[in-house]
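Order of the sequence lines fixes the chain letters, A, B, ..., with proteins taken first and strands second; residue numbering starts at 1 for each chain.
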There are 2 protein chains.
Amino acid sequence: MTVTIYDVAREARVSMATVSRVVNGNQNVKPETRNKVNEVIKKLNYRPNAVARGLASKRTTTVGVIIPDISNVYYSQLARGLEDIATMYKYHSIISNSDNDPEKEKEIFNNLLSKQVDGIIFLGGTISEEIKELINQSSVPVVVSGTNGKDDHVASVNIDFEKAAQEVTQHLIDQGAKKFALVGGDYSKKAQEDVLDGLNTVLSDNNLILEDALHLTGAESYKEGMKVFDEMKDNLPDAVLSISDEQAIGVLHGALDSGIKVPEDLQIVSFNNTRLVEMVRPQLSSVIQPLYDIGAVGMRLLTKYMNEEEIEEPNVILPHRIEYRGTTK
Amino acid sequence: MTVTIYDVAREARVSMATVSRVVNGNQNVKPETRNKVNEVIKKLNYRPNAVARGLASKRTTTVGVIIPDISNVYYSQLARGLEDIATMYKYHSIISNSDNDPEKEKEIFNNLLSKQVDGIIFLGGTISEEIKELINQSSVPVVVSGTNGKDDHVASVNIDFEKAAQEVTQHLIDQGAKKFALVGGDYSKKAQEDVLDGLNTVLSDNNLILEDALHLTGAESYKEGMKVFDEMKDNLPDAVLSISDEQAIGVLHGALDSGIKVPEDLQIVSFNNTRLVEMVRPQLSSVIQPLYDIGAVGMRLLTKYMNEEEIEEPNVILPHRIEYRGTTK
DNA sequence: TTGAAAGCGCTAACAG
DNA sequence: CTGTTAGCGCTTTCAA
């Protein structure tokens with residue numbers, strides 16, 4: 001029923017080895033033979049069985065993607081970048097949602113290995129000890145996109161959150177901000193630490209401090225953002241740095257709904273820069289992370305590992321910009 | 001180096017067939033033997049090779065997902081639903097972006113078949129002739145999520161857009177709307193037709209009509225929405241039905257930026273109901289499509305086909321609700 | 001430039 | 001309840 005390499009060989013009066021060579025673009029085939037084989041392939045509508053190929057060659061041209069939540073705008077934009085480059089290099093992607101749960105991440109990781117993927121892209125704001133160990137013992141290359149893996153000796157692609165935070169903080173101070181809040185999230189522990197460092201550096205340079213009560217976290221959703229705003233309502237800051245856009249928008253609407261003027265009384269800057277930032281009024285000022293590129297460069301890096309190309313730098317830092325829109329003065 | 005079923009068999013002093021039985025949960029194994037094998041499996045850290053298994057059993061426990069754009073909020077929410085059910089049934093998903101391009105869809109489809117996926121989920125607002133043919137000739141089951149495939153004899157899960165459009169239209173007329181616009185998109189031809197039918201039915205019942213000039217389309221993005229608003233600026237309707245949320249928000253902001261009052265002078269209802277609808281002010285009135293469920297039910301349907309379970313109804317219509325929020329009177 | 005043959009690691013009759 | 005034995009469809013030496 002299904003056409004196999006053997007059928008093609010018989011019909012073309014060559015051996016299956018020759019058909020295999022033609023299919024794989026091996027140059028050691030006489031042009032005539034090649035043509036004949038290609039004709040038969042077309043005639044029989046032969047399509048190589050990737051599974052058999054994978055078993056024989058030990059390469060599946062499939063990569064695994066571990067992602068916290070594909071319906072999260074931030075991650076889905078990364079995913080699109082990943083996927084486009086994977087396609088460009090003829091890889092398919094198996095995508096699995098981890099909800100940022102170390103147990104699930106571990107299980108997915110092992111499942112991917114048993115599927116014999118050629119490489120794995122890990123997305124997630126936190127590299128847990130378990131995952132770190134799995135990565136370092138992995139038989140296939142792993143690249144982290146969106147989080148810095150340098151300290152954990154893991155190849156990665158991201159932006160310099162600390163520097164971005166410094167720039168943002170200084171700008172806000174220049175605009176008169178004195179009392180800051182930091183709104184972090186469960187998804188992005190690493191980025192949060194970096195932002196915190198950057199924020200604190202500049203604050204102390206200016207003889208300011210971040211009150212403990214104004215260092216808040218939430219699940220990085222819109223609703224959580226509104227909740228976070230409630231928590232700081234009685235001790236209102238005049239500037240908020242938020243890791244997540246959705247959460248920042250929650251804070252923004254919480255403020256507006258309470259009659260607080262943005263940006264006059266409260267300035268807000270977010271660090272995600274999903275397409276949401278332009279879709280609210282006032283538009284959200286944000287650090288521009290090149291999300292698509294972070295995904296794309298991560299996948300490109302992975303292909304280099306998979307092809308055993310030379311790697312100049314395993315921890316890529318992509319440039320960022322800051323766009324001051326309607327939520328800052 | 002890698003541990004195979006053979007290593008386990010030798011170490012446990014049984015045949016590989018027995019190991020295979022244990023791994024696959026076959027009940028015909030003496031508990032003692034099972035325990036011994038399991039011990040060895042753990043000791044050797046044996047992990048079955050899914051590729052070899054796929055080749056031998058002709059089942060890969062992998063499904064393919066063809067999706068227009070994973071970074072589109074609407075589709076990423078569907079994808080999350082799909083994926084969760086797939087995981088529940090122990091399937092992995094290979095996800096590929098088609099950009100709604102029939103050529104790409106076709107190529108992806110064939111690639112997925114050569115990967116020997118056990119089934120395919122097709123997402124996309126339009127079922128082109130080519131795809132329809134591929135689906136109908138496919139050796140593996142295919143289910144369409146988010147679009148009605150009944151007319152094309154394709155299993156599908158979606159909501160009744162026509163009915164929803166009728167309800168929305170009647171409500172808007174009751175609120176005083178007289179001049180309607182329909183904003184469709186490239187992604188959702190099918191839904192658009194149904195909405196158009198529903199709209200026209202109710203309009204003519206009320207002796208109203210949809211002007212040709214007010215039947216517009218765009219690429220279903222925020223920016224396109226603003227552009228669409230510009231197009232209707234000189235011939236302003238008092239009610240807009242928009243297929244896509246992003247585009248509806250574009251229209252909304254286009255209107256607000258021009259000083260038009262929403263909902264007083266212009267009412268807007270969208271049909272997508274992504275999480276965006278609550279993230280703008282005024283909040284967008286919308287038809288609530290259970291996106292997650294549409295994905296989930298689609299995948300469940302596919303698993304039924306893959307397991308050759310009985311299918312009661314290949315074209316599932318899920319219930320919808322309508323939520324009138326801030327963009328309607 | 002081509003072919004023969006040995007697997008890749010596993011499942012699935014079949015026999016016992 | 002367990003083992004033997006063919007393959008699954010392809011890649012990849014090794015020889016010719």
Asks: Determine, for B/Arg80 against A/Asp99, whether the closest basic-nitrogen to carboxylate-oxygen distance falls under 4.0 angstrom.
Replies: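 A/Asp99 and B/Arg80: salt-bridged.
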Asks: For side chain to side chain donor-acceptor pair (under 3.5 Å), just list the numbers for B/Gln77 and B/Thr274, CA-CA rounded to whole Å, side-chain angles, deciding distance to a tenth of an Å, and then say yes or no.
Replies: CA-CA 8 Å; B/Gln77 286 190 237; B/Thr274 58; 4.7 Å; no
Asks: Going by number, which of residues 48-63 of chain B have a non-hydrogen atom under 4.0 Å from DNA chain D?
Replies: B/Leu55, B/Ala56, B/Lys58
Asks: Starting at atom CE of B/Met16, determine the distance to atom P of C/dC10, rounded to an integer number of angstrom.
Replies: 7 Å
Asks: Taking A/Glu11 first and then A/Lys43, would you say they form a salt bridge - that is, a charged N and a carboxylate O separated by under 4.0 Å?
Replies: yes
Asks: Please report the distance, rounded to the nearest Å, between CG in B/Asn28 and C1' in C/dA12.
Replies: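 From B/Asn28 CG to C/dA12 C1': 13 Å.
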Asks: Hey, is NZ on B/Lys189 packed in by over 12 heavy atoms from elsewhere, all under 6.0 Å?
Replies: no
Asks: Indicate, with a heavy-atom threshold strictly under 4.0 Å, whether B/Thr4 touches base, sugar-phosphate, or nothing.
Replies: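 Here B/Thr4 touches the backbone only, sparing every base.
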Asks: Run the salt-bridge test on A/Lys190 and A/Asp152 with the 4.0 Å N-O cut-off and return the result as yes or no.
Replies: yes
Asks: Walk along DNA chain D from 5' to 3' and tell me the first and last nucleotide with an atom closer than 4.0 Å to a non-hydrogen atom of chain B.
Replies: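 Result: D/dC1 to D/dG9.
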Asks: Please tell me if A/Tyr6 has a side-chain N or O lying less than 4.0 Å from either OP1 or OP2 of C/dA4.
Replies: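 Answer no for this pair, as no side-chain N or O of A/Tyr6 is under 4.0 Å from OP1 or OP2.
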Asks: For a 4.5 angstrom cut-off between non-hydrogen side-chain atoms, does A/Glu105 reach A/Glu130?
Replies: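 Counting from C-beta outward, A/Glu105 and A/Glu130 never come under 4.5 Å.
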Asks: Identify which one of A/Ile108, A/Ile121, A/Asn97 satisfies the side chain to side chain contact (heavy atoms under 4.5 Å, CB included) criterion when paired with A/Ile67.
Replies: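 So the option named by the test is A/Asn97.
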Asks: Under 4.0 Å, counting only non-hydrogen atoms across every strand here, what does B/Val23 touch: a base, just sugar-phosphate, or nothing?
Replies: nothing
Asks: Could you tell me the separation between the CZ atom of A/Arg10 and the P atom of C/dT2, rounded to a whole number of Å?
Replies: 20 Å
Asks: Using whole Å, what does the distance between atom C1' of nucleotide C/dA13 and atom CZ of B/Arg21 come to?
Replies: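 Atom CZ in B/Arg21 sits about 10 Å away from atom C1' in C/dA13.
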Asks: With a 4.0 Å cut-off on N to O distance, would you call A/Glu309 and A/Arg300 a salt bridge?
Replies: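 Yes, this pair counts.
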Asks: What are the two closest non-hydrogen atoms of B/Thr147 and B/Gly125, and how far apart are they?
Replies: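 B/Thr147 and B/Gly125 have their closest heavy atoms at OG1-CA, 3.6 Å.
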Asks: Do the side-chain N or O atoms of A/Thr33 get closer than 4.0 angstrom to the phosphate oxygens (OP1, OP2) of C/dT2?
Replies: yes
